[in-house]
Amino acid sequence: MRWSKAFIPTLRQDPADAEAVSHRLLVRGGFIRQLQAGHYSILPLGQRVRAKIDRIIREEMDRIGGQQFHLPALHPAEIWQKSGRWEKMGDDMFRLVDRKGADQALGMTHEEVFALLATEVTSYRQLPQIWYQIQTKFRDEPRPRSGVLRVREFTMKDSYSLDLDWEGLDVAFRSHRDAYHRIFRRCGLEAVDVTASSGAMGGSESVEFIVRSPAGEDWIVTCASCGYRANRERATSLLDEVDDPEEQAELEEFPTPGVKTIQDLAGSFGPWAEPRRQIKTLVYVVDDVPTLVLLRGDHELVEQKLMDATGAVRLRPAHPDEIRDLMGAQAGSLGAVGVEHLPVIADHALRGRRGMVTGANRDGFHLKGVDVERDIRVGRWADLRAVREGEPCAECGAPLELWKGIEVGHIFKLGTSYSEAMGAYVQDPQGNTRPIVMGSYGIGLERTMAAVVEASHDDRGIVWPITVAPYEAVVTVLRVDETSAREAGEELYRRLGEAGVEVLLDDRDERPGVKFADAELIGIPFRITVGPKGLERGVVEVTTRSGMQTRESTLDEAVRWVIQQVDQGRTLGG
RNA sequence: CGGGACGUGGCGCAGUUUGGUAGCGCGCAGCGUUCGGGACGCUGAGGUCGCCGGUUCAAAUCCGGCCGUCCCGACCA
């Protein structure tokens with residue numbers, strides 16, 4: 001491609017709306033443009049990058065026996081009603097009505113459609129199967145953000161495994177896990193697999209692939225000592241020693257005027273009211289049922305854990321007026337002591353605690369001497385609290401680390417819920433009819449592209465790994481008005497192209513600074529610079545984008561070297 | 001959905017407080033001089049000031065409503 005003919009709209013200044021590095025650089029470099037919040041046009045450079053990621057994914061999916069499909073993006077409501085997700089997906093699903101008045105949905109994921117196709121698999125002899133597609137997904141995200149990291153319309157590789165039994169699913173799950181590691185490694189990413197919550201997907205077990213980045217939205221807990229790693233939605237840690245008083249204390253109400261927060265209370269009274277001696281009482285509406293959620297005063301709730309523990313589909317904090325109606329007091333003076341009319345779910349950290357402090361359900365009053373088991377009717381115990389940095393690992397006791405990352409992939413063990421819902425059964429060797437055991441596996445392509453930028457850039461711009469770079473080399477011609485330079489550039493361009501190198505010829509009539517800055521911004525791995533001055537001495541320059549080292553060589557040697565480097569680089573991680 | 005900020009040529013911004021001719025830098029077009037790290041001169045094109053309504057002799061500017069975008073919190077590839 002000749003740069004003079006290419007549509008590569010680079011920007012000299014950072015776009016005003018872009019905060020995240022990948023957003024900033026992908027817009028500045030002319031890879032993407034926004035149409036509306038959460039919807040981006042992929043420009044030619046971005047398309048080339050995505051096509052490379054697409055290809056790597058297909059190679060690795062095919063390697064584990066995957067077969068590629070292409071399914072509709074518009075679905076009849078019936079299939080979603082059948083699986084129960086027409087309701088469950090709520091506002092996240094784009095819905096529309098066709099001219100006949102039939103309800104339609106834009107696909108957020110394709111368990112239903114694939115399970116429907118799986119009804120044509122009728123014998124265990126046809127199993128296992130791995131089916132996949134690379135296709136557009138639509139999710140009406142409440143808050144799209146960070147450029148292409150979180151959008152409402154995106155390309156996903158989704159695959160589905162079909163097996164006779166759970167042992168088969170284990171195999172499919174493991175091969176996907178291995179394939180995902182290869183995919184991300186080939187994209188130049190270091191992705192960590194962590195145990196995660198299954199969320200709206202349902203199922204028994206799930207693993208996320210996370211790339212470390214400050215632009216990420218997931219908090220990850222890892223242990224350097226034993227290798228434990230989990231999303232904070234699932235992570236646990238050891239609790240510190242409890243130093244409650246031995247003897248039973250009397251329950252006693254005491255005035256706490258003006259006290260609204262855990263901190264207020266701790267500050268106004270002695271050590272017996274410190275946060276870890278308090279019971280935090282939250283009111284949540286769990287699938288329309290108001291519920292008290294209890295945590296230790298210094299602990300923070302993870303809402304996903306509450307959803308997982310209750311199996312809830314919808315969860316929200318109660319509104320202030322609801323709280324007043326239910327509890328007779330405002331947030332700040334709430335407690336679960338004596339509460340009979342609401343379900344109470346409590347975090348494990350409160351088990352067996354005594355001498356605790358909590359709200360009295362009377363504004364300006366609290367209770368002390370609370371014995372959790374004696375005074376509170378806990379309907380259910382669960383792990384609800386957020387792990388904090390430095391807490392001891394539950395496996396080995398070493399201090400845990402907490403960091404932010406981007407979720408580029410997620411794999412789920414689904415089980416039989418979708419096959420049962422859609423009627424996908426096979427006969428086993430004994431002639432019994434059994435539901436197909438399914439797994440579901442996803443990778444976000446544009447998000448992967450953005451994650452690469454997040455992980456690989458410098459103050460000049462993007463540093464693409466060769467495997468996903470839009471072009472592998474750029475020939476930068478200085479002084480296109482000078483015949484010698486122009487002809488040498490054309491020759492380099494031709495020879496590299498003939499050798500199969502994806503090469504861009506910067507034949508624009510621009511000053512050197514502009515050309516260098518653009519080539520570095522869009523992150524082409526190798527640059528050959530041709531100018532009249534060098535040519536007088538018979539040399540060109542070869543610059544490596546990562547590290548920005550430059551060396552002089554003859555034209556022949558430069559061609560040879562770049563071809564060799566590209567060949568080597570393409571096999572990265574493969 | 002809660003909180004904050006913003007909306008003025010393709011991009012980045014000033015002008016709004018105190019109503020009165022729509023401006024700057026970059027980019028773009030033409031010509032010339034330059035050109036191995038984002039050149040310079042001259043000439044020129046390009047704007048419903050997010051939208052609707054109100055106040056006023058007069059609105060980018062004041063008032064009301066709506067829409068859009070970004071950031072922070074709850075959701076996911």
Side-chain angles (χ1 to χ4, degrees), chain A residues 9-20 23 27-28 30 33-38 57 89-92 108-109 134-159 180 191 196-201 206 208-211 216-218 231 233 284 301-304 306-307 313-317 319-320 406-412 440-451 460 476-482 485 509-521 529-535 540-541 543 548 550:
Chain A
T10 58
L11 268 24
R12 187 178 293 229
Q13 280 162 301
D14 279 335
D17 287 340
E19 190 101 350
H23 186 192
V27 172
R28 265 195 71 189
R33 284 294 184 268
Q34 185 184 64
L35 178 63
Q36 60 170 327
I57 291 173
M89 290 308 193
D91 291 337
D92 288 349
M108 311 174 62
T109 172
I134 295 173
Q135 193 237 23
T136 307
K137 299 283 187 269
F138 297 88
R139 297 184 184 178
D140 194 353
E141 291 286 341
R143 184 156 101 76
R145 66 178 148 239
S146 303
V148 96
L149 272 176
R150 176 169 217 78
V151 290
R152 304 202 301 173
E153 176 180 351
F154 63 100
T155 313
M156 178 156 100
K157 185 289 296 178
D158 48 323
S159 50
Y180 275 35
S197 164
S198 298
M201 234 29 108
S206 88
E208 290 174 337
F209 291 78
I210 307 286
V211 174
E217 303 180 88
D218 286 81
N231 191 300
E233 294 172 348
Y284 268 81
L301 173 68
V302 176
E303 291 194 354
Q304 186 64 49
L306 180 56
M307 291 187 87
V313 175
R314 303 210 146 277
L315 188 71
R316 64 171 174 85
H319 305 308
I406 300 165
E407 180 192 349
V408 287
H410 199 161
I411 61 180
F412 303 85
S440 142
Y441 316 85
I443 294 177
L445 294 241
E446 293 87 0
R447 185 183 280 186
T448 297
M449 170 165 86
R460 298 165 188 262
T476 300
V477 181
L478 308 177
R479 300 297 302 269
V480 285
D481 56 322
E482 297 265 346
D509 184 14
E510 288 289 352
R511 315 196 95 235
V514 173
K515 297 188 166 205
F516 293 149
D518 275 344
E520 285 150 16
L521 175 63
T529 309
V530 207
K533 286 187 188 168
L535 287 176
V540 295
E541 279 166 22
T543 305
M548 292 301 293
T550 296

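Chain letters run A, B, ... following the sequence lines, proteins first, then strands; residues in each count from 1.
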Which nucleotide, in any strand shown, forms a Watson-Crick or G-U wobble pair with [N], with both distances under 3.5 Å?
N: B:rU56; result: none
N: B:rA14; result: none
N: B:rA45; result: none
N: B:rG32; result: B:rC40
N: B:rG7; result: B:rC67

Shortest non-hydrogen separation from [X] to [Y] and the atoms involved:
X: A:Pro15; Y: A:Val27; result: CG-CG1, 3.7 Å
X: A:Val480; Y: A:Asp509; result: CG2-CA, 3.7 Å
X: A:Pro512; Y: A:Leu478; result: CB-CD2, 3.8 Å

>> Run A:Ile411 and A:Phe209 through side chain to side chain contact (heavy atoms under 4.5 Å, CB included) and show every step you take.
In response: CA-CA 8 Å; A:Ile411 61 180; A:Phe209 291 78; 4.0 Å; yes
In whole angstrom, give me the gap between the [atom1] atoms of [N] and [M].
N: B:rG20; M: B:rA39; atom1: C1'; answer: 41 Å
N: B:rG54; M: B:rA58; atom1: P; answer: 12 Å
N: B:rU56; M: B:rG19; atom1: C1'; answer: 9 Å
N: B:rC71; M: B:rG64; atom1: C1'; answer: 27 Å
N: B:rG3; M: B:rC66; atom1: P; answer: 14 Å
N: B:rC13; M: B:rG27; atom1: C1'; answer: 14 Å
N: B:rG47; M: B:rG23; atom1: C1'; answer: 11 Å

Exercise. Start with the C-alpha distance between A:Glu520 and A:Met548, add both sets of side-chain angles, then the distance that settles side chain to side chain contact (heavy atoms under 4.5 Å, CB included), and finish with yes or no.
Key: CA-CA 9 Å; A:Glu520 285 150 16; A:Met548 292 301 293; 3.1 Å; yes
Go through [options] for me and flag the one nearest to the [X] side chain.
X: A:Val151; options: B:rC76, B:rA77, B:rA74; result: B:rA77
X: A:Gln36; options: B:rA77, B:rU69, B:rG37; result: B:rU69
X: A:Glu303; options: B:rG37, B:rA39, B:rC75; result: B:rC75
X: A:Arg150; options: B:rC75, B:rG37, B:rG36; result: B:rC75

Judged by nearest nucleotide, the residue sitting upstream toward the 5' end of RNA chain B, A:Glu217 or A:Ala517, is A:Ala517
Heavy-atom nearest nucleotide on RNA chain B taken for A:Thr550 and for A:Gly147; more 5' hit belongs to A:Thr550
Euclidean distance, atom [atom1] of residue [X] to atom [atom2] of [N] [Å, nearest integer]:
X: A:Arg145; N: B:rC72; atom1: CZ; atom2: P; value: 7 Å
X: A:Arg316; N: B:rC1; atom1: CZ; atom2: P; value: 14 Å
X: A:Asp140; N: B:rC75; atom1: CG; atom2: C1'; value: 12 Å
X: A:Gln304; N: B:rG73; atom1: CD; atom2: C1'; value: 16 Å
X: A:Arg143; N: B:rC72; atom1: CZ; atom2: C1'; value: 6 Å
X: A:Asp518; N: B:rG27; atom1: CG; atom2: C1'; value: 12 Å
X: A:Glu141; N: B:rU69; atom1: CD; atom2: C1'; value: 17 Å
X: A:His319; N: B:rC1; atom1: NE2; atom2: P; value: 12 Å

Distances under 3.5 Å between nitrogen or oxygen atoms of protein and nucleotides 9-13 of chain B:
unit_1 : atom_1 : unit_2  : atom_2 : d
B:rG12 : OP1    : A:Ala16 : N      : 3.1
B:rG12 : O4'    : A:Gln13 : OE1    : 3.4
B:rG12 : O2'    : A:Gln13 : NE2    : 3.3

Handout entry: Residue from A:Arg143, A:Arg139, A:Glu141 passing side chain to side chain contact (heavy atoms under 4.5 Å, CB included) with A:Arg150
Key =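 In the set A:Arg143, A:Arg139, A:Glu141, the residue that makes a side chain to side chain contact (heavy atoms under 4.5 Å, CB included) with A:Arg150 is A:Glu141.
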Readout for nucleotides 29-35 of chain B: B = base within 4.0 Å of protein heavy atom, S = sugar-phosphate only, - = neither; 5' to 3' it is -----BB
Contact between [X] and [Y] at the side-chain level, heavy atoms closer than 4.5 Å - yes or no?
X: A:Thr155; Y: A:Ile134; result: yes
X: A:Tyr284; Y: A:Met307; result: no
X: A:Glu217; Y: A:Glu407; result: no

Does a donor on one side chain sit under 3.5 Å from an acceptor on the other, for A:Thr136 and A:Glu153?
no
Exercise. Scan A:Glu520 against the nucleic acid and name what it touches under 4.0 Å (heavy atoms): base, sugar-phosphate only, or nothing.
Key: base
- Query: Just wondering, are more than 12 heavy atoms of other shown residues or ligands nearer than 6.0 Å to CG in A:Asp481?
  - Reply: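 Enclosed.
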Measure from the ring centre of A:Phe154 to the centre of the six-membered ring in the base of B:rA77, then say whether that distance is under 5.5 Å and the planes meet at under 30°.
yes
